[in-house]
Student: 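Here it is: the structure, laid out below.
Below, chain A is the first sequence line, B the second, and so on; all start at residue 1. Predicted model, so just to flag it, every value in this text is computed and none were measured.
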Amino acid sequence: MFATEKTFIESKIKTYLQSLEIEHASIEFRQIPFSGEWGLAVPLFPLAAAEARAGKKINVPQRAQELAEGIKTYLGDDLGGFSHVEAVNGYLNLYFSTSTYAQRVIDTVLEQGAHYGCHPDRGETVMVEYSQPNTHKAFHVGHLRNVILGGSICRILECAGYEVIRANYLGDIGLHVIKWMWNYLKNHDGETPAEDHTHWMNQIYAEADRLFQVPENEAEVRALYARWNQRDPEILALWEKTRAWSLAGFDQIYNQLDEHFDRLYYESEVETAGAELVESLIASGLAQDERPEGPVIMDLDQILGTEGEYRVLVVLRSDSSSLYATKDLPLAIKKFEDYQLDKSIYVIDVRQSLYLKQIFKTLEIMGFEWADKLYHLAYELVNLPGNVTMASREGTVVLFDDLVREATRRAKAIVEEKNPELTETTKQEIGEAVALGAIKYTMLSRDNTKMVTFDWDAALDFNGQAAPYIQYAHVRAGSILRKAGQALPEPTVYPDELHKTEVDLIELMTRLPAEVYRAAEEYRPLIIASLSFEVARAFNDFYNSCQVLNAAPGIREFRLRLVAAAQQVLASCLRLLGIKAPSVM
RNA sequence: GCCCUCGUAGCUUAAUGGACAGAGCAACUGCUUGCGGAGCAGUAGGUUGUGCGUUCGAAUCGCACCGAGGGUACCA
């Protein structure tokens with residue numbers, strides 16, 4: 001936004017430094033850390049330190065200050081767009097005039113609209129694999145973090161200029177599916193799904209899991225597994241039918257979460273390729289076949305000459321049935337056959353770090369030159385209070401639909417109280433937007449590597465650092481603009497003096513483009529979550545200290561434009577987090 | 001045992017080797033009332049897990065230790 005000024009001042013500084021015989025100096029610009037004024041800070045420490053290293057006997061901080069003062073004197077009044085300059089503590093601080101800066105920021109935001117903060121196309125394609133649910137099973141709060149994180153990462157990457165392919169990988173085969181079908185045939189034959197597919201599917205699964213403990217039941221399940229392996233048409237048909245039910249259930253969930261996928265991969269579609277791949281690994285001598293006494297393994301440490309680093313990867317069970325690894329290897333290959341990828345990201349919880357490291361290394365050993373483009377985006381688990389882990393087996397899960405229902409109920413009650421004249425449909429809609437926003441924000445506002453302890457009250461706390469607070473700021477901004485009752489004023493000359501809260505708000509808005517870039521590089525939605533909260537807080541501060549509609553002519557127009565720009569930034573941040581920005585609540 | 005990740009105020013976090021470790025929630029003390037309940041002013045809370053090292057300069061980089069979590073051949 002200030003490239004011209006930057007270039008100008010940089011060349012001036014370089015000219016001056018050359019006169020001191022300091023060549024090849026790299027000038028670094030950063031934000032001035034004091035609030036209330038804008039500008040660029042140039043630390044002179046690196047230059048002074050370079051001189052010290054070159055053998056001059058100097059005190060670095062003192063020399064930095066000397067250089068800063070020298071530059072200040074050299075520049076004189078020729079500041080090219082900056083209003084004043086100071087040399088302090090080893091920094092050269094270049095200040096913009098408040099009104100020029102404010103005007104430029106607000107005009108840029110309004111002009112770029114929803115694109116503000118986003119970057120031009122980089123010509124790179126990234127695949128993000130996330131969600132990965134098992135069909136025929138529950139969808140609980142633990143799975144939720146994965147979808148929310150993956151979805152937000154996709155939006156951030158897109159905004160940062162990447163072409164993104166959203167991939168899902170569904171566990172549609174395996175013992176859990178056979179158990180389910182066995183119970184269905186035995187106890188639920190002919191039944192069709194209840195309205196909430198996933199919930200219904202899970203009830204049958206949970207029951208099957210319990211019954212499986214009885215030995216004769218287990219024998220029956222095994223027998224059914226054998227029929228499956230022989231591709232019994234009746235079983236295949238049942239599998240296809242029930243799988244479709246499960247997928248329809250997931251679609252309901254993804255719709256509620258505002259998520260979609262570009263490409264679905266199924267475990268069932270890579271199983272055969274996996275078996276073939278294992279055979280070729282054995283043939284090439286990379287894998288050791290210990291069947292039937294043992295499994296087929298790859299001793300990665302032995303192959304690489306490392307110790308305790310990569311360990312042993314089991315690629316096929318001793319009974320020749322497949323494992324995760326059997327399918328993940330061909331899947332990785334398939335992805336690169338299907339698309340020209342510059343990066344392939346796996347959003348999978350941290351417990352699988354070693355496993356994914358092994359998979360990536362194995363592909364490298366196999367000679368795939370794209371192996372270095374694979375990346376495991378690890379995130380920590382969701383816990384329940386009292387250090388209880390989510391486990392379907394122990395029944396210690398909070399199911400997705402229960403969570404959303406309860407959250408919506410609470411959110412709707414608040415909406416009802418604040419805004420009783422809304423229609424029932426609108427209340428329901430807003431209640432859901434607020435509820436899902438609160439849940440998503442809870443998951444995204446802590447770092448990927450930090451455990452989220454799921455607490456009903458904390459997740460649904462609509463005050464404080466939470467999504468409803470941000471959504472509410474967005475609504476308030478909209479309300480002012482509505483009341484202004486006219487088209488947004490054209491850009492005008494801005495006031496010379498701004499209120500402190502206006503300055504803070506504008507300052508935060510300028511940070512969006514850089515923060516999007518950083519969030520994309522580091523795969524950290526938290527950065528956007530924090531910024532969105534700060535913008536909302538700054539907006540509320542402004543709202544409480546500055547009148548907009550009753551402000552003097554001139555000021556009023558400026559403030560209306562500021563409100564519109566702030567609303568735009570809030571909307572953009574929320575969009576990046578996958579959180580809806582309602583217009584009333 | 002070995003490997004990985006993480007330790008900043010009660011909680012969530014900021015500072016990307018440089019200007020006083022900066023906020024917000026929660027807590028405490030007052031005051032105020034709505035351009036949408038909630039807001040404002042203030043207080044308190046930190047030897048950045050510990051110790052060494054590198055550096056003119058370390059929350060930031062390195063090493064060691066301590067603590068938490070996870071993983072460690074046929075679970076997913």
Side-chain angles (χ1 to χ4, degrees), chain A residues 28 30-35 41 43-46 48-49 51-53 57-65 88-91 93 132 134 171 174-176 288 290-291 294-300 306-326 348-355 357-358 378-381 383 387 389 417-419 442 445-453 455 458 461 463-466 469 472 475-476 478-480 483-484 518 521-522 526-527 529-531 533-534 536-537 540-541 543-551 563 584-585:
Chain A
E28 188 189 335
R30 53 180 72 179
Q31 293 286 319
I32 291 176
F34 317 118
S35 70
L44 281 309
F45 293 94
E51 289 186 313
R53 269 193 296 276
K57 280 209 166 167
I58 49 172
N59 173 309
V60 171
Q62 204 180 317
R63 175 62 178 157
Q65 176 63 15
V88 55
N89 291 335
Y91 288 83
N93 290 337
Q132 308 113 330
N134 281 330
L175 185 59
H176 70 277
Q288 298 159 26
E290 298 174 352
R291 287 174 296 175
V296 180
I297 60 156
M298 298 210 23
D299 190 337
L300 294 169
T306 48
E307 220 166 292
E309 203 182 340
Y310 291 97
R311 306 221 156 220
V312 166
L313 178 65
V314 178
V315 292
L316 201 64
R317 287 200 188 91
S318 45
D319 66 358
S320 297
S321 63
S322 61
L323 294 109
Y324 259 28
T326 325
I348 300 182
D349 79 62
V350 67
R351 290 175 303 185
Q352 302 197 35
S353 295
L354 174 62
Y355 168 70
K357 196 167 114 178
Q358 292 176 324
Y379 63 92
E380 262 294 353
L381 302 180
N383 257 9
N387 213 19
T389 320
E417 189 192 316
K418 283 197 174 178
N419 232 335
T442 304
S445 61
R446 46 221 66 197
D447 237 322
N448 304 341
T449 54
K450 293 265 175 82
M451 190 100 70
V452 173
T453 298
D455 182 273
D461 180 7
N463 292 311
Q465 194 162 349
Y469 180 83
Y472 187 61
V475 168
R476 278 177 141 178
S479 171
I480 294 177
K483 290 218 168 123
R518 201 158 69 98
E521 292 306 299
E522 300 175 13
L526 162 68
I527 292 172
S530 301
L531 180 64
F533 177 74
E534 285 186 66
R537 188 172 46 78
N540 281 337
D541 284 351
Y543 180 94
N544 285 311
S545 12
C546 297
Q547 294 269 320
V548 176
L549 297 175
N550 301 327
V563 169
V584 288
M585 64 187 270

Student: Tell me whether A:Tyr91 is stacked on the nucleobase of B:A19, counting only the six-membered base ring and applying the 5.5 Å and 30° thresholds.
Tutor: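 Stacked: ring centres under 5.5 Å, planes under 30°.
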
Student: Under 4.0 Å between any heavy atoms, over every strand shown, what does A:Tyr355 touch: base, sugar-phosphate, or nothing? Just pick one.
Tutor: base

Student: Hey, which of these two, A:Val312 or A:Glu309, hits RNA chain B nearer its 5' end, going by closest nucleotide?
Tutor: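 In this pair, the answer is A:Glu309.
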
Student: Nearest whole Å is fine: how far is B:G71 P from A:Glu380 CD?
Tutor: 10 Å

Student: When all nucleic acid strands are considered with a 4.0 Å heavy-atom cut-off, which category describes A:Ala52: base, sugar-phosphate, or nothing?
Tutor: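 It contacts nothing in the nucleic acid.
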
Student: Any side-chain N or O of A:Arg446 less than 4.0 Å from the OP1 or OP2 oxygen of B:C6?
Tutor: no

Student: Starting at atom OH of A:Tyr324, determine the distance to atom P of B:A73, rounded to an integer number of angstrom.
Tutor: 18 Å

Student: Applying a 4.0 Å non-hydrogen cut-off, can you work out what A:Ile297 is touching in the nucleic acid: base, sugar-phosphate, or nothing?
Tutor: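 It contacts base atoms.
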
Student: Work out how far the P atom of B:U60 is from that of B:U48, and round it to whole angstrom.
Tutor: 10 Å

Student: When both hydrogen-bonding distances must be under 3.5 Å and the geometry is Watson-Crick or G-U wobble, what is B:C40 paired with, if anything?
Tutor: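 Answer to the pairing question: B:G30, which forms a Watson-Crick or G-U pair with B:C40.
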
Student: CZ of A:Arg351 versus P of B:C4: gap in Å, rounded?
Tutor: 20 Å

Student: Mind checking whether A:Phe45 and A:Tyr91 have parallel, tilted or perpendicular rings, split at 30° and 60°?
Tutor: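 Plane angle over 60°, so perpendicular.
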
Student: Nearest of B:A19, B:C40, B:A76 to any side-chain atom of A:Asp541?
Tutor: B:C40

Student: Considering every strand and a 4.0 Å limit on heavy-atom distances, what is the contact class for A:Leu354: base, sugar-phosphate, or nothing?
Tutor: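 If one applies the 4.0 Å heavy-atom cut-off, A:Leu354 turns out to touch the sugar-phosphate alone, with no base involved.
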
Student: From the options B:A19, B:C2, B:C74, select the nucleotide whose nearest atom is closest to the side chain of A:Ala41.
Tutor: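 It is B:A19.
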
Student: How close do A:Arg63 and A:Glu51 get, heavy atom to heavy atom, and via which atoms?
Tutor: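 Distance-wise, the nearest heavy atoms are NE-OE1, 2.6 Å.
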
Student: Taking only side-chain N and O atoms of A:Arg30, does any of them lie within less than 4.0 angstrom of OP1 or OP2 on B:G18?
Tutor: yes

Student: Whole angstrom is fine here: how far is it from CD in A:Gln358 over to P in B:G71?
Tutor: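 That distance rounds to 14 Å.
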
Student: As a test of reading the structure: which of B:A76, B:C35, B:G70 is closest to the side chain of A:Val548, going by heavy atoms?
Tutor: B:C35

Student: What is the nucleic acid contact for A:Gln352, judged by heavy atoms within less than 4.0 Å: base, sugar-phosphate only, or nothing?
Tutor: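 Base, at least one base heavy atom under 4.0 Å.
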
Student: Look at all strands and tell whether A:Arg537 reaches a base, only sugar-phosphate, or nothing, counting heavy atoms closer than 4.0 Å.
Tutor: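 Here A:Arg537 touches the backbone only, sparing every base.
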
Student: Report the nucleotide, chosen from B:A19, B:C56, B:A76, that has the shortest atom-to-atom distance to any side-chain atom of A:Pro61.
Tutor: B:C56

Student: For A:Ile480 and for A:Asp319, find the nucleotide of RNA chain B with the closest heavy atom, then tell me which residue's nucleotide is more 5'.
Tutor: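 Going by which nucleotide is closer to the 5' end, it is A:Ile480.
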
Student: If we take the C1' atom in both B:U29 and B:A44, what is their distance in whole Å?
Tutor: 10 Å

Student: May I ask you to say what A:Met298 touches in the nucleic acid, namely base, sugar-phosphate or nothing, with a heavy-atom cut-off under 4.0 Å?
Tutor: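 Nothing, no heavy atom under 4.0 Å.
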
Student: Counting only side-chain heavy atoms from C-beta out, which of B:U13, B:A73, B:G69 sits nearest to A:Met451?
Tutor: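 The nucleotide sitting nearest to the side chain is B:G69.
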
Student: Side chains of A:Asp319 and A:Ser321: is there a donor and an acceptor less than 3.5 Å apart?
Tutor: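 Short answer, yes.
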
Student: Quick one: closest heavy-atom pair of A:Gln31 and A:Ala41, and the distance?
Tutor: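 Heavy-atom minimum between the residues: O-CB, 4.2 Å.
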
Student: Identify which nucleotide among B:G71, B:C75, B:G18 has an atom closest to any side-chain atom of A:Arg311, counting heavy atoms from C-beta outward.
Tutor: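 Nucleotide nearest to A:Arg311's side chain: B:G71.
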
Student: Could you tell me whether the phosphate oxygens of B:C74, OP1 or OP2, come under 4.0 Å of any side-chain nitrogen or oxygen in A:Arg291?
Tutor: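 No, A:Arg291 has no side-chain N/O under 4.0 Å of OP1/OP2 on B:C74.
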
Student: Might you point out which heavy atoms bring A:Pro295 and A:Val314 nearest each other, and give the distance in Å?
Tutor: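 That would be CB-CG1, 3.7 Å.
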
Student: What's the closest nucleotide to the A:Thr449 side chain, out of B:C6, B:C75, B:A19?
Tutor: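 Selected nucleotide: B:C6.
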
Student: Establish, with yes or no, whether the OP1 or OP2 oxygen of B:U5 is under 4.0 angstrom from a side-chain nitrogen or oxygen of A:Lys450.
Tutor: no

Student: With heavy atoms under 4.0 Å as the rule, sort A:Asn544 into base, sugar-phosphate or nothing.
Tutor: sugar-phosphate

Student: Are A:Asn540 and A:Tyr469 close enough that a side-chain donor and a side-chain acceptor fall under 3.5 Å?
Tutor: yes

Student: Please measure how far the C1' atom in B:A41 lies from the corresponding atom in B:C4, and state the result in whole Å.
Tutor: 48 Å

Student: Expressed in whole Å, how much space separates the P atoms belonging to B:G10 and B:G49?
Tutor: 13 Å

Student: Do you know which two heavy atoms are closest between A:Arg317 and A:Arg291, and how far apart they sit?
Tutor: O-CD, 3.9 Å

Student: Between atom CG in A:Leu381 and atom P in B:A76, what is the gap in whole Å?
Tutor: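 Taking CG of A:Leu381 and P of B:A76, I get 17 Å after rounding.
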
Student: Let's test this: given Watson-Crick or G-U wobble pairing with both distances under 3.5 Å, identify the partner of B:A19.
Tutor: none

Student: Looking at every strand, decide which applies to A:Ser445 at a 4.0 Å heavy-atom threshold: base, sugar-phosphate, or nothing.
Tutor: sugar-phosphate

Student: Distance check, P atoms only: B:G7 and B:G62, in whole angstrom units.
Tutor: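 Their P atoms lie roughly 13 Å apart.
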
